[in-house]
Number of protein chains: 2
Amino acid sequence: MENQSTEVSAIHEFLSKVEVFKDLPPQSLQIIDKRIKKMSFNKGDKIISEYERAKGVFFVHSGMVKLTKQNEQGNELIVCMKKKGDIFAEACLFNYGDLTYPATGTMIKPGEIYFLSTEDFEQELLLNPELAVQMIRYMGETLRDLTSIMRDIALLDVYTKTMKMLERLAEKFGANRCNRMYIELPLTIQEFSTLIGTSRESVSRVFSKLRKEGLIDIKQKHIIITDWCKFCAVYKNKLM
Amino acid sequence: MENQSTEVSAIHEFLSKVEVFKDLPPQSLQIIDKRIKKMSFNKGDKIISEYERAKGVFFVHSGMVKLTKQNEQGNELIVCMKKKGDIFAEACLFNYGDLTYPATGTMIKPGEIYFLSTEDFEQELLLNPELAVQMIRYMGETLRDLTSIMRDIALLDVYTKTMKMLERLAEKFGANRCNRMYIELPLTIQEFSTLIGTSRESVSRVFSKLRKEGLIDIKQKHIIITDWCKFCAVYKNKLM
DNA sequence: GAATAAATGTGATATTTTACACATTCTTGT
DNA sequence: ACAAGAATGTGTAAAATATCACATTTATTC
């Protein structure tokens, strides 16, 4: 009885963090809960590599992950940032054959990651249409976001790209406190530059300018948009 | 009896073109076949707009479609090219709320497109785990492709981007005849430039150079890689 | 098939962005 | 708290790319 109760609450707690599991019947949740592996990572730890054979899907329970893709010259682009409730490596599902992971995943803020083997997750997907539907929804959303970011990276100049990426980060990682937007994501300028595919020096210059204009502030690798209203005004104006 | 027979063959014919339907039970196929709408389009016709409310999912039966995304300044990027058997606008599935299409779809080679309303397709997905699985697989593949292209657009110089995109197009649209790779896709240089996010002049210059080197040839909007082996050798060498 | 429109090629120039250099400022581990 | 390493800011020079201009070629339409 005691065991049953803690198990249910553990499932429930996990549930609340991962949206795709929200409509699952309790028995499926128990199976997943039994199969899933919890793993702790420190900052800087590599979770998966794009050169490694894909073995499963990952769910962020806490902490943050950057997904990067390298090219032949060794330069890299951050393709996506994941936080609590997000899923990654789902692009390998049902892609039979020895496929590698779609990107390299590195912890940028320590936390717990849940792992489910491809086989286990695929089986659950076949048994639970609700789960499959949630995955399709989630992947669709990712697809939309990616194409928008791709367009901006391809077509905008450094200043505008930077502003737009700041806006995106604020949207996903921002906490607005009295018109100050705290981007709760530890990120160096160096990393920011690989988010939009430009040199760190160029980003540094844009940030200097924004700082001079009193639009942003950086405290311990955390960007703060000091006046969200003003920022949005400048941003909208820039896009016209 | 006669009717039954033609219906089955029509389903079968359609089936063979769209991979996600391949494992569907016959009764589901019949339902889909009944609900699906066939539409013909001429070259240049707009099928969907990114500013229009999403109503359904599209399947390319014949012809070719370019999917573009505009930014606020009106510049556009080709996000993906679709051919026979491909699906588009799937990113809207299960995203309740009045979402617009993820991109604008324009016919670049005339053909037939099948349309299935979001509701009908979502219903089938809930009833057929096999179909849902195929969608997840398809979307995963798209996700992989997109992130790779994004990385290349962000990090490579114009010459290398051009080469890499030619290689991708050859992969998807190429017909190799005696070491000559015919890219069976009508594409102006102007359009090619919006595929990699650079100016048409820059692409024109790269193409001139490639033509001088005897690597490519353009005949009626069709790019031909005149010596596939040589092209691959130059390409691999460039990446080192 | 002639007329009109659209796309292309290329030189010259302007603009943007990167690359390099190096002093300075943060971080981190002990 | 201190030393070592990492990250940052910024001037200058170099390189890449975009823009403009316009002649030329290629499609399209009636």
Side-chain angles (χ1 to χ4, degrees), chain A residues 42-45 66 71 73-78 106-110 152-163 165 185-213 215-224 238, chain B residues 42-45 66 71 73-78 106-110 152-165 185-213 216-224 238:
Chain A
N42 289 320
K43 187 178 171 169
D45 284 355
K66 68 169 176 185
N71 68 6
Q73 287 82 39
N75 302 317
E76 65 179 35
L77 184 78
I78 298 179
T106 310
M107 217 71 194
I108 57 167
K109 193 173 155 180
D152 294 339
I153 287 180
L155 302 177
L156 300 176
D157 61 286
V158 175
Y159 181 84
T160 319
K161 268 200 268 197
T162 303
M163 292 289 278
M165 188 52 80
L185 171 80
L187 205 62
T188 64
I189 288 181
Q190 213 148 149
E191 278 173 318
F192 191 98
S193 72
T194 71
L195 211 41
I196 55 172
T198 44
S199 70
R200 69 153 193 93
E201 292 96 328
S202 293
V203 174
S204 179
R205 274 180 248 269
V206 173
F207 275 21
S208 289
K209 200 179 162 198
L210 293 177
R211 222 185 285 110
K212 250 174 230 145
E213 288 167 349
L215 283 171
I216 66 163
D217 198 4
I218 303 180
K219 289 252 159 68
Q220 285 115 317
K221 294 192 176 181
H222 287 262
I223 302 163
I224 303 160
K238 181 71 198 173
Chain B
N42 289 321
K43 187 176 172 172
D45 285 354
K66 69 169 174 184
N71 68 6
Q73 287 83 40
N75 301 317
E76 65 179 36
L77 184 78
I78 297 179
T106 310
M107 217 72 194
I108 58 167
K109 193 173 156 182
D152 294 339
I153 287 180
L155 302 177
L156 301 176
D157 61 285
V158 174
Y159 181 84
T160 318
K161 268 200 267 197
T162 303
M163 291 289 278
K164 215 155 181 181
M165 188 52 79
L185 172 80
L187 205 62
T188 63
I189 287 181
Q190 212 147 150
E191 278 173 319
F192 191 98
S193 72
T194 71
L195 211 41
I196 56 172
T198 45
S199 70
R200 70 154 192 92
E201 292 95 329
S202 292
V203 173
S204 179
R205 275 179 248 269
V206 173
F207 276 21
S208 288
K209 200 179 161 197
L210 293 176
R211 222 183 286 109
K212 249 172 229 146
E213 288 167 350
I216 65 163
D217 199 3
I218 302 179
K219 289 254 157 68
Q220 284 115 317
K221 295 191 175 182
H222 287 261
I223 302 164
I224 303 159
K238 180 74 199 173

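Since the structure is predicted, the reported quantities are computational estimates derived from the model, not experimental observations. Below, read A as the first sequence line, B as the second, and so on, with proteins coming before strands; counting in each chain starts at 1.
- We find the CG-NZ distance between A:Asn71 and B:Lys164 to be 6.0 Å, quoted to the nearest 0.5 Å.
- Read 5' to 3', the first and last nucleotides of DNA chain C with an atom closer than 4.0 Å to a heavy atom of chain B are C:dA7 to C:dA12.
- Contacts with DNA chain C (heavy atom under 4.0 Å) in residues 191-198 of chain B: none are found.
- Between A:Ile189 atom CD1 and D:dA6 atom C1' the separation is 13 Å, expressed in whole Å.
- For the atom pair A:Asp45 CG and A:Ile108 CD1, the distance stands at 13.0 Å (nearest 0.5 Å).
- A 4.5 Å side-chain heavy-atom check between B:Leu210 and B:Met163 finds at least one atom pair inside the cut-off.
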> Yes or no on side chain to side chain contact (heavy atoms under 4.5 Å, CB included) for B:Arg200 and B:Val203, after CA distance, side-chain angles and deciding distance?
Replying inline: CA-CA 5 Å; B:Arg200 70 154 192 92; B:Val203 173; 5.7 Å; no
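- Pairing each heavy atom of B:Pro186 with each of B:Glu191, the nearest pair is O-OE1, 4.1 Å.
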> Which is it for A:Glu201 and A:Arg205 under the side chain to side chain contact (heavy atoms under 4.5 Å, CB included) test, yes or no, and what are the steps along the way?
Replying inline: CA-CA 6 Å; A:Glu201 292 96 328; A:Arg205 274 180 248 269; 3.9 Å; yes
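- Counting all heavy atoms, side chain and backbone alike, B:Asp152 lies closest to B:Lys161 at O-CG, 3.6 Å.
- Between its two ends, the helix from C:dG1-D:dC30 to C:dT30-D:dA1 turns its axis by 70°, counting five pairs per end and rounding to 10 degrees.
- A:Asn75 and A:Gln73 are not linked by any side-chain donor-acceptor pair at a separation below 3.5 angstrom, with hydrogens and angles left out of the test.
- Taking a 4.0 Å limit (strictly below) on heavy-atom distances, residues 200-210 of chain B reaches DNA chain C at B:Arg200, B:Glu201, B:Ser204, B:Arg205, B:Ser208.
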>> I need a per-nucleotide contact map over nucleotides 25-30 of chain D, read 5' to 3'. Cutoff is protein heavy atoms under 4.0 Å; write B for the base, S for backbone only, - otherwise.
In response: --S---
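- With values rounded to the nearest 0.5 angstrom, A:Leu195 atom CG is found 5.0 Å from A:Ile78 atom CD1.
- Rounding to the nearest 0.5 angstrom, the gap separating the CD1 atom in B:Ile153 from the CG atom in A:Leu77 is 10.5 Å.
- Atoms NZ and NZ, from B:Lys109 and B:Lys66 in turn, are 15.5 Å apart once rounded to the nearest 0.5 Å.
- For the pair A:Ile189/A:Ile218, a side-chain contact is recorded, criterion being any heavy-atom separation below 4.5 Å from C-beta on.
- For A:Ser208, there are no side chain to side chain donor-acceptor pair (under 3.5 Å) partners two or more places apart in sequence or in a different chain.
- Considering every non-hydrogen atom in both A:Gly44 and A:Thr106, the closest pair reads O-CG2, 3.6 Å.
- Rounded to the nearest 0.5 Å, atoms CG (A:Leu187) and NZ (A:Lys221) are 9.0 Å apart.
- Put simply, CG on A:Leu155 is 16 Å from C1' on D:dT19, counting in whole angstrom units.
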